[in-house]
Amino acid sequence: MRGRTGEGGARERAGRGFTLLELLVVMVIIGLLASYVAPRFFDQVGKSEVKAARAQLNAFEKALGTYRLDTGHFPPTDQGLKALVERPSDEPKWSGPYLSKAVPLDPWGHVYVYRQPGEQGHDYELKSLGKDGQQGGTAEAADISVWDASR
């Protein structure tokens, strides 16, 4: 009876599932799509981390400016950015806190670098060392300074 109606063959095939070849083709297609999409996705993640670091540096810059207006000077290196949140014991004109929360780490989990006085004639130096946490670097590993012209 199977041979005459042809229904038995369709039922048998539907009950078996996918063949190994069909599964391999689907896996190759998924792999190709992932290899195309993943680099673009992770590139955007890297760009957003740089933007987040720049935004945090901008907030610190404004807070440091307000600190200076109140006290007449920028915090010394040994007090660092912590002086924006907690009153230094030797600072009677402090009117903070100048940041609403504790000083965060940069988007890559490293401490922001603050030095006073700064390099190249600046009153202070404030930067993130980028993804690698080391001086210098390129792309996402590049240092991001509050004084960067490319902000």
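FYI, side chains are in, hydrogens and waters are out, and symmetry mates aren't considered; it's all heavy atoms of this structure. Everything numeric here is computed off the predicted structure, so don't read it as measured data.
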Worksheet entry | V111 vs L105 side-chain heavy atoms within contact, under 4.5 Å | yes
Fill in: Heavy-atom pair of closest approach, residues P88 and Q79
CB-NE2, 3.4 Å
Discussion item. Going by the rule ring-ring contact (aromatic ring centres under 6.0 Å, His included), which residues pair with H122 if we only count those two or more places apart in sequence or in a different chain?
Written reply: W147
Practice prompt. Please report the shortest heavy-atom distance between A53 and W108, naming the atom on each side.
Written response: CB-CZ3, 4.1 Å
Fill in: W94 backbone acceptor or donor facing R87 side chain under 3.5 Å
yes
Worksheet item: Do the non-hydrogen side-chain atoms of V146 and F60 ever get within less than 4.5 Å of each other?
Response: no
Worksheet item: Can you check whether V103 reaches K82 side chain to side chain, under 4.5 Å on heavy atoms?
Response: no
Worksheet, complete the sentence: In short, P107 meets Q56 closest at the heavy-atom pair CD-OE1, 3.9 Å
Fill in: Residue from L64, T66, N58 passing side-chain contact (heavy atoms from CB on, under 4.5 Å) with K62
N58
Worksheet, complete the sentence: Value for NZ (K127) from OH (Y112), rounded to nearest 0.5 Å, stands at 13.5 Å
Worksheet item: CZ of R54 to CG of L57: how many Å apart, nearest 0.5 Å?
Response: 8.0 Å
Fill in: Shared hydrophobic cluster, V113 / V50 (ILVMFWY, side-chain heavy atoms < 4.5 Å)
no
Distance-only donor-acceptor pairs under 3.5 Å for side chains of residues 68-77, two or more places apart:
unit_1: D70; atom_1: OD2; unit_2: Y98; atom_2: OH; d: 2.7
unit_1: T71; atom_1: OG1; unit_2: Y67; atom_2: O; d: 2.9
unit_1: T71; atom_1: OG1; unit_2: H73; atom_2: N; d: 3.4
unit_1: T71; atom_1: OG1; unit_2: H73; atom_2: O; d: 2.8
unit_1: H73; atom_1: NE2; unit_2: E91; atom_2: OE1; d: 2.8
unit_1: T77; atom_1: OG1; unit_2: Q116; atom_2: N; d: 2.7
unit_1: T77; atom_1: OG1; unit_2: Q116; atom_2: O; d: 3.0

Worksheet item: About how many Å separate CG of L129 and OG of S145, when rounded to the nearest 0.5 Å?
Response: 10.5 Å
Discussion item. Tell me every residue that passes side-chain hydrogen bond (donor to acceptor under 3.5 Å, both in side chains) with Y124, counting only those two or more places apart in sequence or in another chain.
Written reply: none
Worksheet, complete the sentence: Nearest heavy-atom approach of K131 to H110 is O-CE1, 3.2 Å
Item to complete: Would you name the heavy atoms of S128 and D106 that are closest together and state the gap between them?
Response: OG-OD2, 2.7 Å
